[in-house]
Protein chains: 2
Amino acid sequence: MNIYDIAKEAGVSIATVSRVLNNKGTVSAATRARVEAILKQNNYTPSAIARGMVSKSMRTVAVLTVDIRVPHYARTAYTIEREFSRRGYEVILCNTGGDRAETLRYLQAVNQKQVDGIVLVGSVFDTICQGAEMEKLLSGVPVVLANGKLDLPNAYSVTVDDKYGVSLAVEHLVARGRKNIYYIKDRDTDSAKSKRDGFLEAMRRNGLEFADHVLEAGETLASGIVCGEDLTAAGALKALLRAGLRVPEQVAVVGFNNSDYAHLCEPVLTSIDNKPEQVALLCVQLLESSIERSEAYSSVVLQPELAQGETS
Amino acid sequence: MNIYDIAKEAGVSIATVSRVLNNKGTVSAATRARVEAILKQNNYTPSAIARGMVSKSMRTVAVLTVDIRVPHYARTAYTIEREFSRRGYEVILCNTGGDRAETLRYLQAVNQKQVDGIVLVGSVFDTICQGAEMEKLLSGVPVVLANGKLDLPNAYSVTVDDKYGVSLAVEHLVARGRKNIYYIKDRDTDSAKSKRDGFLEAMRRNGLEFADHVLEAGETLASGIVCGEDLTAAGALKALLRAGLRVPEQVAVVGFNNSDYAHLCEPVLTSIDNKPEQVALLCVQLLESSIERSEAYSSVVLQPELAQGETS
DNA sequence: CTGAAAGCGCTTACAG
DNA sequence: CTGAAAGCGCTTACAG
């Protein structure tokens with residue numbers, strides 16, 4: 001059942017049907033009523049593909065992330081999807097695994113489908129998306145990076161100051177009298193490096209040497225451990241408890257992301273809240289403005305906060 | 001840059017360009033080489049929308065779930081996305097929140113976009129997708145439910161026997177000498193009901209009365225708690241530990257899903273593994289067969305397994 | 001082996 | 001207020 005069938009049944013031209021469908025132009029009340037009745041009667045649905053053919057838009061955006069199973073990405077992608085859905089767009093999900101070749105494949109696919117915009121979630125993408133080939137694929141559409149930066153005229157970024165986040169953790173531990181403070185780093189993304197830098201700077205600022213001795217069970221310590229991920233912190237906490245150390249009495253632990261993982265720990269992890277929902281919302285707003293009004297916006301940096309738990 | 005531009009530059013007709021693009025029909029080696037050169041030179045990408053217009057397919061499927069932030073759904077959706085990506089399809093993600101109106105909105109949207117198939121992830125959808133309106137939207141496309149059943153000719157289902165899963169947990173606790181066994185139920189989906197039924201049946205089978213007394217701190221118990229979700233079990237575990245009870249010495253705890261939550265717990269939760277990756281893979285295989293060959297397959301039921309942890 | 005033409009289902013100037 | 005026609009960018013019989 002297409003627009004021609006409706007036009008025939010209603011005894012009007014397809015142009016008129018299109019007008020009532022889109023509430024555009026002028027249609028007499030009588031004609032409109034007749035067409036609408038036929039429309040309802042036949043449960044007509046316009047083809048988004050045919051519309052896309054003329055408008056060159058399917059009202060679809062692509063979200064590329066590393067792995068949706070990682071809670072932090074899930075929270076970000078969730079909010080992006082919900083917000084775009086409210087605005088009348090569908091979201092294509094791509095789990096790239098942080099792999100360059102896969103990212104390229106996905107970008108080619110969504111390029112052929114002429115998505116209206118692309119959201120890149122994760123700091124891996126600043127590294128991955130280098131090179132002429134990538135830039136060509138990213139240059140035709142509005143792009144926004146969550147937690148990353150890309151040097152393209154049509155790309156915006158929403159970042160959280162990870163470095164500041166880790167320094168918050170250090171200052172917090174210092175304020176609570178911890179002397180030997182350690183940092184556990186994982187992965188090797190730009191974000192992970194910023195965190196490490198934040199740690200080292202905050203340590204220097206507080207005149208603390210980088211301690212490298214071993215934690216010994218039973219020893220009464222005024223130690224603190226800062227981790228770049230809640231999952232790492234949860235692992236550290238588990239190891240400490242198994243080794244018979246008391247947390248936070250002997251050792252304090254601070255995680256990063258303020259995720260469910262943090263809340264599940266016993267005791268509950270103190271963590272750095274890096275506000276994925278806010279990041280996601282800003283990404284959507286930037287991208288939408290860029291799509292609908294092709295306006296130029298500046299990129300945004302958010303400040304994380306410390307979420308006090310029981311491990312510090 | 002479209003197929004007409006290419007044809008002009010190559011001095012051939014658009015039909016010939018289309019032939020080399022799709023490796024269909026016959027093209028002389030010389031012509032093919034010339035066209036391919038022009039194609040490469042201009043970095044030509046065919047429009048998937050225009051192709052969709054004639055093939056009536058955008059090679060896209062929709063995945064409707066409750067909330068991608070729930071790890072179990074994330075694992076399922078992840079695998080579905082990866083498997084479809086390998087097969088040349090893009091995946092539209094929809095977080096319905098388990099809400100009927102939202103589900104309807106999403107189904108209308110993906111219906112207009114003429115997706116090739118729909119995957120419904122979660123047992124809520126058997127209830128939600130009742131009614132003429134829903135069935136009409138679901139009748140035009142191949143549909144597969146993960147963890148649910150739908151009485152439509154074009155709908156398949158891949159389910160895990162949740163009831164059996166919970167009974168596994170009960171038998172396990174009985175075998176370890178637990179006498180007072182409790183079940184903590186959450187939510188109110190079909191799946192949650194099956195789990196409760198599985199519990200009650202297994203209890204009866206073992207001649208155990210349904211205990212309803214209160215756990216008291218300090219009391220030496222031979223008790224066991226079965227939970228319908230790992231998150232619930234993690235909460236129960238936390239509460240037990242805070243109340244000064246020892247797990248598993250005094251109370252055993254068994255969760256459901258064998259998720260990261262289970263592994264993060266200290267001690268690690270014993271849990272029921274309901275194999276979301278296997279479910280997802282089967283969903284994709286069923287849906288793909290249904291799309292590509294419009295073959296009729298029967299629905300599948302998987303058996304969960306007990307994953308031994310340290311809380312039982 | 002190759003091209004002209006129709007068709008996919010819409011929207012949108014342009015006339016009237 | 002309404003309709004005829006062109007156009008969006010492809011694929012696919014059908015001729016030759």
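Residue numbers start from 1 in every chain, and the chains themselves are labelled A, B, ... in the order their sequence lines are given, proteins ahead of strands.
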Please tabulate the protein-to-nucleotide N/O contacts below 3.5 Å involving nucleotides 5-9 of chain D, giving atom names and distances.
unit_1	atom_1	unit_2	atom_2	d
D/dC8	O3'	A/K56	NZ	2.7
D/dG9	OP1	A/K56	NZ	3.0
D/dG9	OP2	B/N2	ND2	3.4

* To do: Mind calculating the distance between CD1 (B/I6) and C1' (D/dT11) to the nearest angstrom?
  =>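 It is 17 Å, rounded to the nearest whole Å.
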* Round to a whole Å and report the spacing from CD1 of A/I49 to C1' of C/dT11. =>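 Rounding to the nearest Å, CD1 of A/I49 and C1' of C/dT11 are 16 Å apart.
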* **Pairs involving residues 130-141 of chain A, ordered by first then second residue, that meet salt bridge (charged side-chain N to carboxylate O under 4.0 Å, His left out) (sequence neighbours left out)** =>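 Every candidate salt bridge (charged side-chain N to carboxylate O under 4.0 Å, His left out) pair involving residues 130-141 of chain A fails, so no pair, neighbours aside, qualifies.
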* Scan for salt bridge (charged side-chain N to carboxylate O under 4.0 Å, His left out) pairs involving residues 2-24 of chain B, sequence neighbours excluded, and state none if there are none. =>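 As it turns out, there is no salt bridge (charged side-chain N to carboxylate O under 4.0 Å, His left out) pair with a partner in residues 2-24 of chain B once direct neighbours are skipped.
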Can you sort out the partners of [X] under side-chain contact (heavy atoms from CB on, under 4.5 Å), two or more places apart, ordered by chain and number?
| X | result |
| --- | --- |
| B/Q114 | A/S47, A/I49, B/K56 |
| A/T31 | A/V12, A/T16, A/V27, A/S28, A/R34, A/V35 |
| B/V279 | B/A146, B/V158, B/V160, B/C283, B/L302 |

* To do: For A/S157, check side-chain hydrogen bond (donor to acceptor under 3.5 Å, both in side chains) against everything at least two apart and list the hits.
  =>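 Counting only residues at least two positions away or on another chain, A/S157 forms a side-chain hydrogen bond (donor to acceptor under 3.5 Å, both in side chains) with A/S299.
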* Give the stems involving DNA chain C, where a stem is 3 or more consecutive Watson-Crick or G-U wobble pairs (i with j, i+1 with j-1, and so on) under 3.5 Å. =>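 In DNA chain C, stems of three or more pairs: C:1-3 with D:14-16, C:5-12 with D:5-12, C:14-16 with D:1-3.
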* Asked: When you check the phosphate oxygens OP1 and OP2 of C/dG3, does a side-chain N or O of B/T16 lie under 4.0 Å from one of them?
  ->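 So the side chain of B/T16 is within the cut-off, an N or O lying under 4.0 Å from OP1 or OP2 of C/dG3.
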Donor-acceptor pairs under 3.5 angstrom involving side-chain atoms of residues 102-110 of chain B: please list them, not counting sequence neighbours.
unit_1	atom_1	unit_2	atom_2	d
B/E102	OE1	A/R82	NH1	3.0
B/E102	OE1	A/R82	NH2	3.2
B/E102	OE1	B/R105	NH2	3.2
B/E102	OE2	B/R105	NE	3.1
B/T103	OG1	B/D99	O	2.6
B/R105	NH2	A/S85	OG	2.9
B/Y106	OH	A/E81	OE1	3.1
B/Y106	OH	A/E81	OE2	2.7
B/Y106	OH	A/R82	NH1	2.8
B/Y106	OH	A/S85	OG	3.2

* Asked: With no hydrogens and no angle check, do the side chains of A/S57 and A/D116 hold a donor and an acceptor under 3.5 Å apart?
  ->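 Side chains of A/S57 and A/D116: pair found under 3.5 Å.
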* To do: Could you pull out all residues at least two apart from A/Y89 that satisfy ring pair (Phe, Tyr, Trp, His ring centres under 6.0 Å)?
  =>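 If we apply the ring pair (Phe, Tyr, Trp, His ring centres under 6.0 Å) test to A/Y89, skipping adjacent residues, the hits are A/F84.
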* To do: Quick one: list whatever passes ring pair (Phe, Tyr, Trp, His ring centres under 6.0 Å) with B/Y73, sequence neighbours left out.
  =>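 Not a single residue meets the ring pair (Phe, Tyr, Trp, His ring centres under 6.0 Å) criterion with B/Y73.
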* Sub-4.0 Å heavy-atom contacts from residues 17-38 of chain A onto DNA chain C, ordered by number ->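 Close to the strand are A/S18, A/R19, A/N22, A/K24.
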